[in-house]
There are 4 protein chains.
Amino acid sequence: MKTRMRRKQERPGEILEAAFEEFAEHGFAATRLEDVASRAGVTKGTIYFYFETKERLFGEMIRHFSALLLAEVDEFLAKPSESHKERLSNFIRFVYRRFALDRKGREILRFMVADGKHFPGLVARHYADFVAPSLQRVNELVQMGIAAGEFRETPAARFGEIIMGPAVLLGIWFLVFTGQREIDVEAFVNGHIDLLLDGLRVTPSNAASPPP
Amino acid sequence: MKTRMRRKQERPGEILEAAFEEFAEHGFAATRLEDVASRAGVTKGTIYFYFETKERLFGEMIRHFSALLLAEVDEFLAKPSESHKERLSNFIRFVYRRFALDRKGREILRFMVADGKHFPGLVARHYADFVAPSLQRVNELVQMGIAAGEFRETPAARFGEIIMGPAVLLGIWFLVFTGQREIDVEAFVNGHIDLLLDGLRVTPSNAASPPP
Amino acid sequence: MKTRMRRKQERPGEILEAAFEEFAEHGFAATRLEDVASRAGVTKGTIYFYFETKERLFGEMIRHFSALLLAEVDEFLAKPSESHKERLSNFIRFVYRRFALDRKGREILRFMVADGKHFPGLVARHYADFVAPSLQRVNELVQMGIAAGEFRETPAARFGEIIMGPAVLLGIWFLVFTGQREIDVEAFVNGHIDLLLDGLRVTPSNAASPPP
Amino acid sequence: MKTRMRRKQERPGEILEAAFEEFAEHGFAATRLEDVASRAGVTKGTIYFYFETKERLFGEMIRHFSALLLAEVDEFLAKPSESHKERLSNFIRFVYRRFALDRKGREILRFMVADGKHFPGLVARHYADFVAPSLQRVNELVQMGIAAGEFRETPAARFGEIIMGPAVLLGIWFLVFTGQREIDVEAFVNGHIDLLLDGLRVTPSNAASPPP
DNA sequence: AATGAATGAGGATTCATTCAT
DNA sequence: AATGAATGAATCCTCATTCAT
């Protein structure tokens, strides 16, 4: 039967999906494989058929969903765009979309913060695969804008983190404070980009200002 | 010896301190009370003499260290300062000091992200005690600067989170990626403030600019 | 081997049997599940696979062995017998057999006395399933004997407990004072029945006697 | 101060009283000394000043309240009475009063059933001090009545337990089934005595009947 | 491939008991 | 005499992991 064959093929993915939900809900340590299993519609034994240990399951779950994100990042970066301003603001919007507004991306952030200490390999890979290239990209965009005379020289140009900070903070916000206060996301993003681009703008008064 | 009495007074604090270290290292679920006990130099039973459950211990630990932070925030806010620029940048430096560079503040951030779901009461209190007042303060400073003609009108003025984003991100950075890459903190903070103040500066070209 | 499957079927019963022995020996609170497990030839975990908590194990153990008794009571009551005297004395002998001489029945009595306060549901069920119907049965037998002119009217006719008292007392005796003094059970039962039937007998002198 | 002196003197008694309540409520194993202490208005340490261990406390509590009962039994037995019928029924009423209706007496019965196995010495003493003499007394009363021609010869005469059975059963009843059904105690006791005395009555038809 | 019964080490919690004050 | 902080052995219960079927 095809149904069965298809099931078989889909099993690991279903388990990873269930694992994501449970780990996101309870964190690594407090998640019970039993719950992952029943959410995936299988039994504990089946999980062990596909994944050696709870640690491995966690690791592969992260790898799996990271890979999806990674592909999107690559795809995005391949796209051409016009002015440097536009490129930069597009990238920022992309980051908001993927790491703050998208639940998967956000929860991966949580996994890093919550369980990173127990999975140094994961953290290193995540850093190498996402964080470093993304920061690199931001820095390049800014440098290119500076070179083109579109942006001013600023010490912040060395720190993509400064550029991206508010986007990550919004992700954290959703992870922790959802329910405490509503945020008008559109206005937030626009405010961020507005402030940022204004801070990068070349004007007579800051054109030649050296870093303090 | 006054050992007995003196110990009695000190015990809860010692246990809280030990609990902070263990919870910070392993997270709520993976922390063993036995380890907290031996770090505090007592036995398991003693912890239960002072704290009803592991949950309570965690909660009171957060409360304890939060209270210290809260006091510092209040004290800081009481201080007068000169121009609005200076007030704002002083506050930003304060936030870096307390929530990014200081280990206690940083780890409290981790607790919120990692275990907040299990302690909704703690999250609500933390929000009410720190986050809301701090954001409020930032917004006030910006508004006052605008009113004084020192800062321009910007949609970011409504979102203290945008102003503070890079500071929180640096905290996260230390929590997760320490060891992946060194960061020149001084330059980071200066870059942040420089970019921000430039973004808030009133210039002929942005004086009346509407958000793009 | 069918070992696996066969065991699976038998496990719960084996655990219940072991639980009976341990609970009977030590009472609910002082029984260690570990001991139940090793008596049943399994490990602690296995008990929890079949029974949610110690309380549940206790409850289901009672339910299990009560059900056996209940079946016997029902079966007995279905049997026809001759005179009312005979019916009554047969029933009394049955009660001795099941609730005083039989260890299982006796220990269930102990469980009610010793741990009933912690298991009000069990007590209520036991009362509804055994005690009430048995008393009901006794009362019916006596009433029928009275109606048939075989027994005299007596205020004790309303209280099956009075009729059965010595039988239960013998059960208690075995529970508590075994070893203090030997009892000639046969003579005891005969003495009880003799006294009882004589007390119920219709004679010229008591035929119409009102209670003193 | 006299108050203090008096308190000191009363402490052990207050502790025993509190112990009775707690042990009666929860049984030996499930009773916490902490609860006994707070009920007695002292701290755990104080209990250990007066009683070496939990076992000793239990034992002395039983001894204490048994002694009160014992005194009453002795006192009762010293009283003269008229006919043997009356002596017997008085004694039965006394037993009802002391062991079924009186909470202390009843709960001591529970202690024997519930925890007797762990306190064989207590059981033996209880048997020697109460049970044996009481049964002895009942047997004597019946024998004397027979010798006086007031009662018939019956095999039950050897078993005071048969005579007293319903009284003990009523005690058990209150211990276990209170709340399941109300019992009209007065009618119950009268029914018991009526049935018993009728069973012991000498009539033409049973005057010479040998035991079957 | 999948099941789920069984394991057993691990960890939270309880509580009788001790002892410095 | 009395306190109550401290202990630590005991015990319930959990859950990752195994393995016969």
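We name chains A, B, ... by the order of the sequence lines, and we start the count at 1 in each one.
Rounded to whole Å, atom P of E/dT17 lies 11 Å from atom CZ of D/R56. At whole-Å resolution of the value, NZ in A/K54 and C1' in F/dT18 are 17 Å apart. Atom CD1 in A/I15 sits roughly 10 Å away from atom C1' in E/dA2 (whole-Å rounding). We find that CD of C/E55 is positioned 12 Å from C1' of F/dC13, with the value rounded to whole Å. For the pair D/F51 CZ and E/dA16 P, the computed distance is 15 Å after rounding to whole Å. Here the C1' atom of nucleotide E/dT14 and the CD atom of B/E52 are 13 Å apart, to the nearest Å.
Annotation: side-chain hydrogen bond (donor to acceptor under 3.5 Å, both in side chains) contacts of B/K54 (sequence neighbours excluded): none. Under the salt bridge (Lys or Arg N to Asp or Glu O under 4.0 Å) criterion, A/R106 pairs with no residue, sequence neighbours left out. The side-chain hydrogen bond (donor to acceptor under 3.5 Å, both in side chains) test applied to B/R103 returns B/E21, not counting sequence neighbours. Shown here are the side-chain hydrogen bond (donor to acceptor under 3.5 Å, both in side chains) partners of D/E60, two or more places apart in sequence or in another chain: there are none. Every residue two or more places apart in sequence or in another chain that forms a side-chain contact (heavy atoms from CB on, under 4.5 Å) with B/Y48 is listed here: B/L33. The ring-ring contact (aromatic ring centres under 6.0 Å, His included) check on B/F177 picks up A/Y127, B/W173, with sequence neighbours excluded. In this view, A/R56 and A/E52 satisfy the side-chain hydrogen bond (donor to acceptor under 3.5 Å, both in side chains) rule, not counting sequence neighbours. With sequence neighbours excluded, the residues satisfying salt bridge (Lys or Arg N to Asp or Glu O under 4.0 Å) with A/D35 are A/R32. With sequence neighbours excluded, no residue forms a salt bridge (Lys or Arg N to Asp or Glu O under 4.0 Å) with D/E55.
Salt-bridge annotation for A/K104 and A/E17: present, with a side-chain N of the basic residue lying under 4.0 Å from a carboxylate O of the acidic one.
Contact check, C/R11 against E/dA6: a side-chain N or O comes under 4.0 Å of OP1 or OP2. A/Y50 has no side-chain polar atom (N or O) that falls below the 4.0 Å cut-off from OP1 or OP2 of E/dA1.
Looking at residues 22-37 of chain A, you'll see that no heavy atom sits under 4.0 Å from any atom of DNA chain E. Near-neighbour residues of DNA chain E inside residues 40-49 of chain C, defined by a heavy atom below 4.0 Å, number-ordered: C/V42, C/T43, C/K44, C/G45, C/T46, C/F49.
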Pairing of DNA chain E as dot-bracket, 5' to 3': ( ) intra-strand, [ ] crossing, | other strand, . unpaired, with Watson-Crick or G-U pairs under 3.5 Å? .||||||||||||||||||||
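Here the side chain of D/T53 is nearest to one of E/dA1, E/dT17, F/dT17, namely E/dT17.
Proximity of a side-chain donor or acceptor of B/T46 to a complementary backbone N or O of B/V42 within less than 3.5 Å is not detected.
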